[in-house]
Amino acid sequence: MRFEISKVLDAIEGRVCTDPSLARAVLDLAEVIRYQDLDGGRPASLLRLGMVIDALSRELAEDSVPVYAIVHRALLSDADLTSNERMVVRRWADDGLVEVLDNPGDRMLEVADLLGLPVVSRVRFDGLCGRFPWLVEQPGRVVAPVPGAGGPAFVAHVGGGHTPVEGDRSPVGGQLLARQWRCPEPGCALFGGGGGGGAFADLARVDRAPAGQPPPALRQGVPTCPRHGARLSDAGPRPRSEVLAIRIGGLIRRRFVLTEDQPVTVGRAPEEPGGVMLGQWLNDETRRWISRAHVRFELRVGEVIVTDVSTNGSGIRPNGSMAEAERVPLAPKQSRVLGGADMVELYPGVQVGRARELPTGAAFTPTSVMAEAPTMAMRLPRN
Ligand SMILES: [Zn+2]
């Protein structure tokens, strides 16, 4: 039983990150783990984060939807969590997968503001609408998880809908994210020179620093490390990056970040570091066609270049057109610049393109992070 819970926590670990290009919503972990009415279980449970992430996946009709979690430092020693859960959160903190703060204050809303992310929270932020006008102006920017028939559902604070809605990055957010930043504190997990990435955190590991750095906090207009309260130094322009997405059977399965330093190989089971493995989403026929390493993406002076490294070849769908007559073959070893809305097709129905150009939402059920959770997991006594 405990082993199965560990697997769930590992699956959840792949869905927490502070990478501005990948995170899809921001939440306060201390709040989410205490949504006792979601399952009627223990006062606090880390598995509720998985339930909320699954609900986001369902609403956004997309697999592997990572969340940006703000963690109050007191949570690392919260006696209502199991010792295993505390250990897991500490690991996330050490690896910079979550943002740990002594006093989170309004940081959750600041991150949402800078990155244009929706907020998952039941809290009413009535006093903060002056500073963050989108709280009242943009329907769906804040959604509250509530118990639902098939797991948690969302209710928007404004607008009455149930789908979390992204906004635009604030102008200040755009400026902050154009630069990379350094924290003077040695070993800072958020603004240090490198970063760990948990054993299973491949989402985060694809690209940690510096392109994946979180947004600095602003204190009196000065970029500051939210963890250490120290003034950050400007370490030059942030490397260019491009967010690509993998769509299989009409549903986005995951996104990944391409930077100029790190080409990314996509295939059935690529061995290259940072490679994106598709095997778990493929049926037998597709599995036979798609090579272990099938296509390689590179970012060169802002252009996305795709190279076929497979046995069977691929195809390009210019402008995302699904008309067979327009499909251009991409033979093994051939390269091509991927235009704005172009998609590479590894096999019919298996496509990669720029995330913002790829519609999602086929009638497929997203993969649950809770798949391994035993029914009784929520009710386990704490150890
Ligand atoms: Zn720091």
Side-chain angles (χ1 to χ4, degrees), residues 10 12-23 26-29 66-77 86-105 107-108 110-111 114-115 117 169 172-241 243 256-264 273-274 299:
D10 289 341
I12 296 172
E13 179 167 303
R15 311 281 181 94
V16 284
C17 79
T18 52
D19 186 328
S21 303
L22 293 174
V26 55
L27 50 79
D28 177 341
L29 191 61
V67 295
Y68 194 119
I70 306 290
V71 179
H72 195 298
R73 206 161 77 90
L75 197 72
L76 304 183
S77 47
R86 285 194 297 271
M87 193 186 71
V88 166
V89 179
R90 282 190 205 123
R91 190 170 70 218
W92 296 351
D94 290 345
D95 290 346
L97 299 178
V98 297
E99 199 173 292
V100 178
L101 304 176
D102 293 333
N103 173 19
R107 176 62 176 164
M108 178 167 66
E110 180 181 53
V111 169
L114 295 173
L115 301 185
L117 293 179
R169 280 182 181 174
V172 177
Q175 289 166 18
L176 288 174
L177 292 172
R179 314 296 299 175
Q180 46 179 319
W181 303 94
R182 283 282 169 274
C183 178
E185 197 69 29
C188 178
L190 300 174
F191 298 96
F200 298 89
D202 72 326
L203 268 182
R205 207 171 7 154
V206 166
D207 184 55
R208 299 260 327 129
Q213 270 187 356
L218 279 179
R219 302 224 178 129
Q220 278 88 47
V222 177
T224 304
C225 176
R227 173 74 189 91
H228 300 110
R231 187 189 185 124
L232 298 172
S233 57
D234 186 331
R238 189 177 288 235
R240 277 194 240 231
S241 64
V243 184
F256 61 94
V257 178
L258 189 62
T259 61
E260 294 192 333
D261 311 334
Q262 193 175 17
V264 176
L299 189 62

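All values reported here derive from a predicted model rather than from experimental measurement.
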Taking the side chain as everything from C-beta on, heavy atoms only, tell me whether [X] gets closer than 4.5 Å to [Y].
X      : Y      : value
Ser233 : Phe191 : no
Gln180 : Pro237 : no
Leu29  : Val98  : no

Compare every heavy atom of [Y] with every heavy atom of [X], then report the nearest pair and how far apart it is.
X      : Y      : answer
Pro223 : Leu176 : CG-CD2, 4.0 Å
Leu232 : Pro216 : CD1-CB, 3.5 Å
Leu299 : Arg240 : CD2-O, 3.7 Å
Ala217 : Arg107 : CA-NH1, 3.4 Å
Asp10  : Arg91  : OD1-NH2, 3.6 Å
Val257 : Ser241 : CG1-CB, 3.8 Å

Between [atom1] on residue [X] and [atom2] on residue [Y], distance to nearest 0.5 Å:
X      : Y      : atom1 : atom2 : result
Arg238 : Trp181 : CZ    : CH2   : 9.5 Å
Met87  : Leu76  : CE    : CG    : 13.0 Å
Ile70  : Glu110 : CD1   : CD    : 9.0 Å
Arg169 : Leu117 : CZ    : CG    : 8.5 Å
Leu177 : Gln213 : CG    : CD    : 9.5 Å
Arg73  : Arg90  : CZ    : CZ    : 10.5 Å

Open item on the list: Taking Ser21's backbone N and O only, do any of them form a donor-acceptor pair with Asp19's side chain (distance below 3.5 Å, no angle check)?
Closed with: yes

Open item on the list: Any side-chain to backbone donor/acceptor pair from Thr224 onto Val222? Under 3.5 Å, distance only.
Closed with: yes

Open item on the list: For Glu185, is there an ion pair with Arg227 - N to carboxylate O distance below 4.0 angstrom?
Closed with: no

